[in-house]
Protein chains: 2
Amino acid sequence: MTDQSAPTTAAGGEPATARGEQTRQLILETAMRMFRERGYARTTMRAIAQEAGVAVGNAYYYFGSKEHLIQEFYLRTQREHAAAARPVLDRESDFAARLSGVLHAAIDVLAPSHEFAASFFKVAAEPTSPLSPFSAETAAPREAAVALFAEVLAGSTAKVDPELRPQLPELLWLAYMGTVLYWVYDRSPGQARTRKLIDGAVPLIDRLVGLSRLRVLRPATRQVVDLIRTLRH
Amino acid sequence: MTDQSAPTTAAGGEPATARGEQTRQLILETAMRMFRERGYARTTMRAIAQEAGVAVGNAYYYFGSKEHLIQEFYLRTQREHAAAARPVLDRESDFAARLSGVLHAAIDVLAPSHEFAASFFKVAAEPTSPLSPFSAETAAPREAAVALFAEVLAGSTAKVDPELRPQLPELLWLAYMGTVLYWVYDRSPGQARTRKLIDGAVPLIDRLVGLSRLRVLRPATRQVVDLIRTLRH
DNA sequence: GGCAGAAGTTGAACGCGTTCAAGATGGCCG
DNA sequence: CGGCCATCTTGAACGCGTTCAACTTCTGCC
């Protein structure tokens with residue numbers, strides 16, 4: 001009874017006609033605007049539908065759930081982030097400057113959605129949710145983000161332990177996730193604390209990465225690399 | 001209109017009579033059992049009330065929301081964890097052994113609730129939620145947990161950089177939070193990966209803590225300490 | 001043009017967490 | 001004993017996310 005390879009029309013899939021695409025976009029824009037204005041929890045599906053001038057069920061034709069509307073936010077943010085990071089990556093060659101630029105760019109992009117992102121985060125945090133940053137469904141944006149950090153490293157003049165180097169992009173992505181986590185919880189005005197976290201953590205990461213080749217630290221470096229390998233299967 | 005210092009009777013507060021206490025316990029036991037049996041999402045408040053033989057509203061008299069029932073789970077787990085860690089703390093004096101023992105004890109205690117803990121985690125993750133591990137309402141169990149890691153350090157023979165030492169318990173607690181985070185997402189049978197994470201990370205932490213006094217690492221150590229101080233205000 | 005079927009659309013209905021006005025209980029004091 | 005009041009209990013009702021059978025619109029084909 002379960003549709004295993006069903007050629008289902010939509011609900012997560014893309015619309016097949018121009019009309020569908022238009023409706024989908026309309027609902028999406030309306031939802032995003034309302035999320036930003038009133039927050040996620042206080043924006044009801046009924047309100048979104050009414051504002052967009054469609055029936056409630058129609059929204060569910062294009063988006064499997066209210067949470068799936070957030071998925072779209074996730075994708076957009078990722079694209080915006082990559083774009084915002086571009087100038088820095090084209091200009092700088094110093095590892096710390098590149099990393100700092102990319103992290104600050106992320107917060108720049110996220111800034112207008114801080115309040116809304118909090119509720120969004122709750123949803124993403126559930127491991128069983130398809131929106132989890134570690135889930136299969138979010139693989140595309142996640143890999144794009146990891147690629148961004150691979151570029152941070154590749155375009156830099158940093159000298160890195162050769163064993164650590166291939167693992168570093170994912171570690172940097174993890175640090176990025178940590179930064180976002182901190183940002184979500186950051187209640188300071190303008191999320192100034194997060195800026196301080198970045199400014200403090202980047203030189204530290206920079207130094208540790210540089211030290212990773214040191215004789216005394218090689219065992220520790222190797223330990224880190226082995227641990228990552230073990231956990232990845 | 002808002003009750004700012006209201007001497008409200010309950011809904012988060014303690015019952016005032018023996019009868020109340022009894023009802024509260026009954027609801028709590030029923031809820032915990034059902035959460036473990038069916039999971040959080042599929043256990044409805046109506047079902048809890050019916051099983052406990054009370055009205056729905058009665059449950060809300062003692063617990064502000066379905067989420068508040070989880071708060072209780074949080075408290076119990078913390079108590080169990082402290083108890084489970086006791087033997088190790090009384091026996092071992094080696095830092096790595098103590099840390100490993102305390103972390104494994106935590107997973108031991110959490111193990112039976114893995115599925116349920118996932119949904120619980122979703123709730124705890126929301127920054128605005130009173131159940132967030134960083135919120136004021138959870139200060140008591142959090143401080144108890146930090147105290148546990150202070151004891152891990154205090155009772156050990158580890159030599160630590162004197163500047164780092166006072167910050168270390170909270171850092172260890174953070175590592176513990178990270179471990180729990182990993183555990184929540186861990187889908188491997190019996191959460192074996194989390195065990196590997198602990199077994200891999202503990203020697204690493206042990207080594208880094210030991211190295212923190214080294215000449216070459218002092219600047220990095222100081223950087224870490226400064227960063228923590230900055231972020232704490 | 002007509003028609004089959006895919007694509008898109010509708011809104012009433014379901015079960016959920018939560019609220020609250022109303023009622024029941026029980027201990028304390030005159 | 002009688003009445004008062006804090007405490008406790010009730011369950012109908014509300015708004016929410018979500019579902020789905022029925023309906024309409026559009027496209028390709030003869």
Side-chain angles (χ1 to χ4, degrees), chain A residues 1 3 6-28 30-31 34-35 38-71 119-120 122-123 126 129-131, chain B residues 1 3 6-28 30-31 34-35 38-50 52-71 119 122-123 126 129-131:
Chain A
M1 282 299 164
D3 50 345
T8 40
T9 47
E14 295 300 307
T17 71
R19 173 168 67 127
E21 182 56 37
Q22 197 171 334
T23 307
R24 193 191 131 95
Q25 281 301 319
L26 175 62
I27 293 167
L28 195 50
T30 309
M34 294 181 78
F35 283 162
R38 311 190 205 173
Y40 180 72
R42 293 193 317 188
T43 305
T44 70
M45 291 299 283
R46 282 169 178 80
I48 293 171
Q50 186 173 359
E51 196 102 345
V54 300
V56 216
N58 204 0
Y60 281 92
Y61 181 74
Y62 293 105
F63 304 94
S65 70
K66 191 181 176 186
E67 300 189 0
H68 278 78
L69 282 165
I70 290 180
Q71 170 87 301
S119 340
F120 144 74
K122 169 183 177 175
V123 166
E126 180 161 42
S129 163
L131 279 84
Chain B
M1 282 299 166
D3 51 345
T8 40
T9 45
E14 296 299 306
T17 71
R19 173 169 65 126
E21 181 56 37
Q22 197 172 334
T23 307
R24 193 191 131 95
Q25 281 302 318
L26 175 62
I27 294 166
L28 195 50
T30 309
M34 294 180 78
F35 283 162
R38 310 190 206 174
Y40 180 72
R42 293 194 317 189
T43 305
T44 70
M45 291 298 283
R46 282 171 178 80
I48 294 171
Q50 186 172 1
V54 300
V56 216
N58 204 358
Y60 281 92
Y61 182 75
Y62 293 105
F63 304 94
S65 70
K66 192 181 175 186
E67 300 189 0
H68 278 79
L69 282 164
I70 290 180
Q71 171 88 301
S119 340
K122 170 184 177 174
V123 166
E126 179 162 45
S129 163
L131 279 84

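In the text below, chain A, chain B and the rest are named by the order of the sequence lines, each starting its count at 1.
A/Q25 has its side chain within reach of A/E21: a pair of non-hydrogen atoms, C-beta onward, lies under 4.5 Å apart. Annotation: side chain of B/R24 is in contact with side chain of B/F63 (closest heavy-atom distance under 4.5 Å). Within the 4.5 Å cutoff, the side chain of B/M45 has heavy atoms near those of the B/L69 side chain.
Rounding to whole angstrom units, CD of residue B/Q22 and P of D/dT7 are separated by 18 Å. Here C/dC16 presents its P atom at 17 Å from CD of B/E67, a figure rounded to the nearest Å. For B/E14 and D/dC8, the CD to P distance is 11 Å, given to the nearest whole Å. Between B/Y62 atom OH and C/dT18 atom C1' there is a gap of 18 Å when expressed in whole angstrom units. Atom pair B/K66:NZ and C/dT19:P shows a separation of 14 Å (rounding to whole Å applied).
Dashed line: the shortest gap from a side-chain N or O of B/Y61 to OP1 or OP2 of D/dT9 is not under 4.0 Å. In terms of phosphate contacts, A/T17 brings a side-chain nitrogen or oxygen within less than 4.0 Å of OP1 or OP2 of C/dG8. Of the side-chain N and O atoms in B/T23, one or more sit less than 4.0 angstrom from OP1 or OP2 of D/dT9. Contact annotation: A/N58 side-chain N/O to C/dT10 OP1/OP2 distance is under 4.0 Å.
Between B/G57 and B/R19, it is B/G57 whose nearest contact on DNA chain C lies nearer the 5' terminus.
For DNA chain C, the residues of residues 42-54 of chain A within the heavy-atom distance limit of 4.0 Å (strictly under) are A/R46, A/V54, sorted by number.
Relative to the six-membered ring of A/F35, A/K66 misses at least one condition, a distance below 6.0 Å or an angle of at most 45° to the axis.
In this structure, the nucleotide among C/dT9, D/dT9, D/dG17 sitting nearest to the side chain of A/Y60 is D/dG17.
When atom types are taken as modelled, the side chain of B/T43 and the backbone of B/M34 share a donor-acceptor pair closer than 3.5 angstrom.
At the heavy-atom level, A/G20 lies under 4.0 Å from the strands shown only through sugar-phosphate atoms.
Residue B/Y62 comes nearest to B/G20 through the heavy atom pair OH-CA, 3.0 Å, listed as atom of the first residue, atom of the second, then distance. Nearest heavy atom pair, residue A/I48 against residue A/I27, reads CG2-O, 4.2 Å.
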